[in-house]
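Here is the naming used below: chain letters follow the sequence lines, and residue numbers restart at 1 for every chain.
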Amino acid sequence: MPELPEVETVRRGLAVTMEGRVLQSVVKNRPDLRFPFPDRFVQRLTGQRVDRIERRAKYLLIALSSGEVLGAHLGMSGRFIVTPVSSPGRNATAAEVWPPEAAYDTGAVSNRSHDHVIFTLDSGDVVTFNDPRRFGYMFLESSAALSSSKHLAALGPEPLSDEFNPSSLARALESKRTPIKAALLDQRVVSGLGNIYVCEALFRSGISPVRSAHTIKGVRAERLVLAIKRVLDEAIEAGGSTLRDYIHTDGGMGYFQHRFAVYGREGETCPECTCDTVIKRIVQSGRSTFYCARRQR
DNA sequence: ACGAGAACCTGTTTGC
DNA sequence: TGCAAACAGGTTCTCG
């Protein structure tokens, strides 16, 4: 579900609610998500203060006063929902007020049986992790060991950082014969991109998704890097893209889906071509790719 | 060693 | 209308 802009939007929502607060109670409703929860998960979290919430690629990193960091990946359908103590129904128990009205309104929350972890803060606010498909997961790691931990160690540069630039991208791609579409989904090349924003960035840069990755250098690398940074910036600004599962922590929607040029637009006319070229959908390594065969070479 | 495809799960949409 | 197949924002494992 969520790519970098969606995870960043969730991070901002959680930071407002959780930073500086103490985890008064933690309820875990099953032994595992995609992976088993860490040993003594509830005990290691209960009573900890949340110092800071950061993001690395698509991971949320919740730094605790114990010196440990709670990492969370949303997979395809994971979401955090905040039920404020001041919301309507505040006199009800936490279990009775979730999910908030806005989540009902979007239709994005369909089943309480997928509430896997419920955090109650000392403010009274309740933060719930819900994930129908259970591709999401959580882990705990000491702050010092975090960057070399299993899940984070191999990640490529943050696309919005200066470490991600035309020459670093060209270097990462020079040995790859796979199509550029697949290479950009490889989190070791650049971290945080997913199917939507790869399609959109390739369109903006005029690069064909089937082009061999190693041919991206020079001007093409410059155009691609710029397109990736811009599309991510714009999507974060719009609060991400809400298609099916993804919603904000307050149940609200992102708006960037209205600005997709190609994603999900098979058969529609290309927004940049003046002729009547239509957007094509192909399948690459099992995932849909949308592009304009005339404009993208 | 690399790359394509399957697998992991549930829910929703599409097609016969 | 009803049921089955296809599809979904991600990652990881297996196989050729």
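With respect to A:Arg204 and A:Glu200, no salt bridge is recorded, no charged nitrogen being found less than 4.0 Å from a carboxylate O. Between A:Glu234 and A:Arg259 there is a salt bridge, since at least one side-chain N of the basic residue sits less than 4.0 Å from a carboxylate O of the acidic one.
Residue pairs satisfying the side chain to side chain donor-acceptor pair (under 3.5 Å) criterion with at least one member in residues 28-38 of chain A, sequence neighbours excluded, are listed as follows: A:Arg30-A:Asp32.
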Protein N or O to nucleotides 1-4 of chain B N or O, pairs below 3.5 Å:
residue: B:dG3; atom: OP1; partner: A:Arg177; partner atom: N; Å: 3.0
residue: B:dG3; atom: OP1; partner: A:Thr178; partner atom: N; Å: 3.4
residue: B:dA4; atom: OP2; partner: A:Thr178; partner atom: OG1; Å: 2.9

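A:Val69 belongs to a hydrophobic cluster with A:Phe35, A:Tyr59, A:Leu61, A:Tyr137, A:Phe139, A:Leu146, A:Leu152, A:Leu155, counting contacts under 4.5 Å between side-chain heavy atoms of Ile, Leu, Val, Met, Phe, Trp and Tyr, direct or through other members.
Closest contact between the side chain of A:Arg133 and the listed nucleotides C:dC7, C:dG10, B:dC9 involves B:dC9.
Checking the phosphate oxygens (OP1, OP2) of C:dT12, no side-chain nitrogen or oxygen of A:Arg34 falls inside 4.0 Å. The phosphate of C:dG10 has neither OP1 nor OP2 within less than 4.0 Å of any side-chain N or O from A:His73.
A:Leu74 has its CG atom 18 Å from the P atom of B:dT10, to the nearest Å. Between the P atom of B:dA6 and the CZ atom of A:Phe135 lies a distance of 15 Å, rounded to the nearest Å.
For residues 145-154 of chain A, proximity to DNA chain C is found at A:His151, defined as any non-hydrogen atom under 4.0 angstrom from a strand atom.
Within 4.0 Å of A:Gln187, counting heavy atoms only, lie sugar-phosphate atoms of the nucleic acid but no base atom.
With sequence neighbours left out, the side chain to side chain donor-acceptor pair (under 3.5 Å) criterion links A:Gln284 to A:Thr289.
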What dot-bracket string describes DNA chain C from 5' to 3', counting Watson-Crick and G-U wobble pairs whose defining distances are under 3.5 Å, with [ ] for crossing pairs and | for pairs to another strand? .|||||||.|||||||
